[in-house]
**Q** 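The structure is given below, and queries will be raised subsequently.
In each ligand, atom 1 is the first atom listed, and ligand 1 is the first ligand listed.
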Amino acid sequence: MSDTINFIIDGVEIQGREGQTILEAAEAAGIYIPRLCHLKGLTPHGSCRVCTVLVNGRPQASCTQPVAEGIVVESESERVQQIRRDIIDMLFVEGNHFCMFCEKSGNCELQAMAYRFGIPTPKFPYQFPKRGVDASHPDIFVDHNRCILCGRCVRASRDLDGKHVFDFVDRGPHKRVAVNAEARLADTNLDASDKATEVCPVGAILRKRVGYAVPVGKRLYDEKPIGSDIEAAKTK
Ligand code: FES
């Protein structure tokens, strides 16, 4: 019996496989669905909602929603784009993101997403939360001001490094990433070669002593928009 699953994205017939998510099946067909908390190789988390699509008219996170026979998915409609724009706006205002002073500028997926969606400045009021910086570790520093709670570091440390250095604590607006030590990152067993240090989509976890090795203007998303590698695969 074939495990092919036929469904539609934006009017195009797509074949997925049993067990694939909508995001994975779309990507295999060369259709990019924007995402922030999702990263290939990590367990899907479904927390940022940037990958929202309408499935038979209902909003769903495409990174966790499995494909199903005959579903009709909207990903590029103006309604979906507006949902994503609002989510990206909210991610900017609920943290402290000063791109012009951030070492991640040009490599930051949140910044790249704002460019992709044509967001020059957020429409919601800035919250300017008071958050800390942990520079205690000899090789890595954590700036909670830029954290978007995507949980990539939590999942990478737990599932790829087998360490559980990071985890979420508190709830609602007080939710934050904490380290598995009394107080400081330096008291954990985090190593600079850990996967958890590589996966942050923003500038919340950065390596020390390598800043600006690649000049601003020559970085990943300075060269090409986020998602363009997947979209280019479709046109080949
Ligand atoms: Fe799907 Fe974040 S990428 S919820």
**Q** Sort by chain and number the protein N/O/S atoms found under 2.8 Å from atom 2 (Fe) of ligand 1.
**A**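 Correct list: Cys37 SG, Cys48 SG.
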**Q** Taking the basic N atoms (NZ, or NE/NH1/NH2) and the acidic carboxylate oxygens, is any pair closer than 4.0 Å for Glu103 and Lys208?
**A**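 So Glu103 does not pair with Lys208 through a salt bridge.
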**Q** Does a donor on one side chain sit under 3.5 Å from an acceptor on the other, for Asp167 and His164?
**A**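 Asp167 vs His164: donor-acceptor pair found between side chains.
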**Q** To check you understand the geometry: which heavy-atom pair defines the closest contact between Arg176 and Leu149, and what is its length?
**A**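 Of all heavy-atom pairs spanning Arg176 and Leu149, the closest is CA-CD2, 3.8 Å.
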**Q** Taking side chain as C-beta onward, heavy atoms only, is Ile33 less than 4.5 Å from Arg84?
**A**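 A side-chain contact under 4.5 Å exists here.
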**Q** Take the angle between the ring planes of Phe98 and Phe128 and call it parallel below 30°, perpendicular above 60°, tilted in between.
**A**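 Rings of Phe98 and Phe128: parallel, as their planes differ by under 30°.
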**Q** What pair of heavy atoms forms the shortest contact from Cys200 to Lys104, and how long is it?
**A**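 Nearest heavy atoms, Cys200 then Lys104: O-NZ, 3.0 Å.
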